[in-house]
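Before any comments, here is the structure.
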Amino acid sequence: MKYRPRRRVTPLLLVALLFTVAGPSAAGPYREYDIKFTGEAPPPLGASPGDAELINSIAWLMNNKLDLPFPAVTKAYVYVNEATLMDGLVTLGGEKSDEAWDRWRNASGVSTRNGVFLRGDHMAWMHLQGRAGLLAHELAHISQRELGEGGKRRPAVWILEGHADWVKFQVRDLLGYRPYAESRQNVARAVVGASTPIKLFPDLQTLSGTAGWTDWTRKAGAITTYCQAFLAVDWLIERYGSAKLIEFMGRFALESVPGENWLTAYPIPYRQFSEEFRARLEDLGRAIPPAAGGNLAASQPSCD
Ligand SMILES: [Zn+2]
């Protein structure tokens with residue numbers, strides 16, 4: 001999932017969107033896409049690609065360049081507003097109705113076992129990089145599910161969300177929108193400029209379950225959770241490679257005891273990695289000048 005700050009949609013924009021969706025080719029308050037992964041490389045995207053074109057290009061890149069697997073059939077649904085998305089998550093997404101509103105009402109996108117569910121009204125006011133990032137992040141969750149298909153447990157939330165943002169920044173690089181190193185630098189600056197001092201960030205263990213993750217995102221903002229998780233996964237991949245992380249997530253499809261998948265995949269104990277990452281995170285404040293952090297704090301940094 002990806003939280004977005006709420007923003008008013010201008011009536012004009014909403015009217016335009018409703019008109020598009022209610023056109024003769026649409027069957028209801030959403031558009032449905034069958035995502036294509038195979039075949040030749042899709043043609044280069046123009047300056048303003050449509051949703052279908054963008055989704056297919058991103059899925060192809062993830063599958064062919066990042067070696068991420070997908071189910072044979074993957075669908076994306078784009079809804080006109082909050083109410084229709086909540087309804088769609090229950091009727092098509094397989095979510096429970098009493099949970100959908102509480103968990104997903106602020107989300108721009110949600111991945112369930114039945115596909116990617118998106119807020120068309122949010123996407124309409126996003127710039128192209130934002131739309132591409134949202135699609136890549138949610139498609140990464142689809143691939144993570146496919147990797148662990150059949151298993152009873154899932155990797156820690158910080159690994160899943162950090163990896164989804166890692167994919168997001170890789171895809172933006174592959175599409176020529178923004179170099180990966182620049183995205184990583186932006187995240188590091190956001191962390192240093194956060195209103196919550198790094199010393200008070202939750203540790204990775206706290207961010208391993210859904211409750212801790214959601215709680216910290218709501219009370220201290222996405223920088224303490226999403227930004228931190230991305231930096232942790234970026235470092236994990238820098239040290240051991242992305243194929244290793246794919247292998248690790250794939251191990252969850254097999255029966256195993258808690259902690260065993262990490263130990264089998266990585267030569268460093270989980271606790272040691274967490275501690276070394278924490279030290280590195282706290283060093284960021286020293287690596288990036290405080291003045292830069294202060295300025296960024298004033299302009300509300302984001303890890304997007
Ligand atoms: Zn997510």
Side-chain angles (χ1 to χ4, degrees), residues 1-6 35 55 58-59 62 66 68-71 74-79 82 85-86 88-89 93-95 99-100 102-119 122-123 126 129-149 153-172 183-184 187 190-191 202 204 206-218 220-234 236-237 242 245-246 248-249 252 302-304:
M1 173 181 54
K2 194 74 195 171
Y3 281 101
R4 300 277 159 178
R6 308 192 80 176
I35 302 176
I55 292 171
I58 290 171
M62 289 172 64
L66 301 178
L68 291 166
F70 285 91
T74 303
K75 288 181 182 282
Y77 301 89
V78 181
Y79 291 82
E82 183 179 78
L85 174 65
M86 292 306 114
L89 281 171
E95 297 290 304
E99 287 173 7
D102 192 43
R103 286 187 71 185
W104 311 125
R105 68 182 181 277
N106 292 329
S108 295
V110 179
S111 290
T112 81
R113 72 184 81 88
N114 295 335
V116 178
F117 294 77
L118 300 150
R119 283 283 296 272
H122 285 193
M123 286 167 67
M126 280 178 188
Q129 284 213 26
R131 253 189 328 143
L134 172 66
L135 293 169
H137 180 103
E138 296 306 333
L139 283 171
H141 286 319
I142 296 285
S143 182
Q144 291 164 353
R145 276 181 191 277
E146 176 68 6
L147 281 163
E149 184 63 37
R153 295 179 307 105
R154 303 199 70 199
V157 177
W158 71 262
I159 294 177
L160 297 174
E161 294 298 345
H163 175 248
D165 271 357
W166 182 87
V167 169
K168 172 174 82 177
F169 295 136
Q170 289 290 335
V171 164
R172 280 188 184 155
S183 296
R184 177 169 50 190
V187 175
V191 164
L204 293 180
T206 307
L207 300 180
S208 60
T210 307
W213 181 274
T214 308
D215 190 36
W216 273 93
T217 303
R218 285 186 179 156
I223 293 178
T224 64
T225 54
Y226 284 94
C227 289
Q228 178 181 190
F230 161 72
L231 291 175
V233 167
D234 173 70
L236 188 62
I237 288 176
S242 61
L245 183 54
I246 290 174
F248 167 71
M249 291 194 285
F252 283 79
S302 111
C303 55
D304 198 43

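Order of listing sets the numbers, starting from 1, for every ligand and every atom in it. The structure presented is a predicted model; accordingly, all values stated were derived computationally and were not measured.
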So, is Asp165 placed with an N/O/S atom under 2.8 Å from the Zn ion (ligand 1), counting both backbone and side chain? no
Atom name of the N, O or S atom of Glu161 nearest to the Zn ion (ligand 1) is OE1
What is the name of the N/O/S atom in His137 that sits closest to the Zn ion (ligand 1)?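 Result for His137 and the Zn ion (ligand 1): NE2.
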Would you mind checking if Arg218 and Asp215 are paired as a salt bridge, meaning a charged N to carboxylate O distance below 4.0 Å?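 Answer for the salt bridge query: no.
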Tyr226 vs His137 aromatic rings, parallel, tilted or perpendicular, using cut-offs 30° and 60°?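 Because their plane-to-plane angle lies in the 30° to 60° range, the rings of Tyr226 and His137 count as tilted.
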Would you check if Leu147 and Phe252 make a side-chain contact, meaning some heavy-atom pair closer than 4.5 Å? no
Might you point out which heavy atoms bring Leu207 and Trp216 nearest each other, and give the distance in Å?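 In this case the closest contact between Leu207 and Trp216 is CD2-CB, 4.2 Å.
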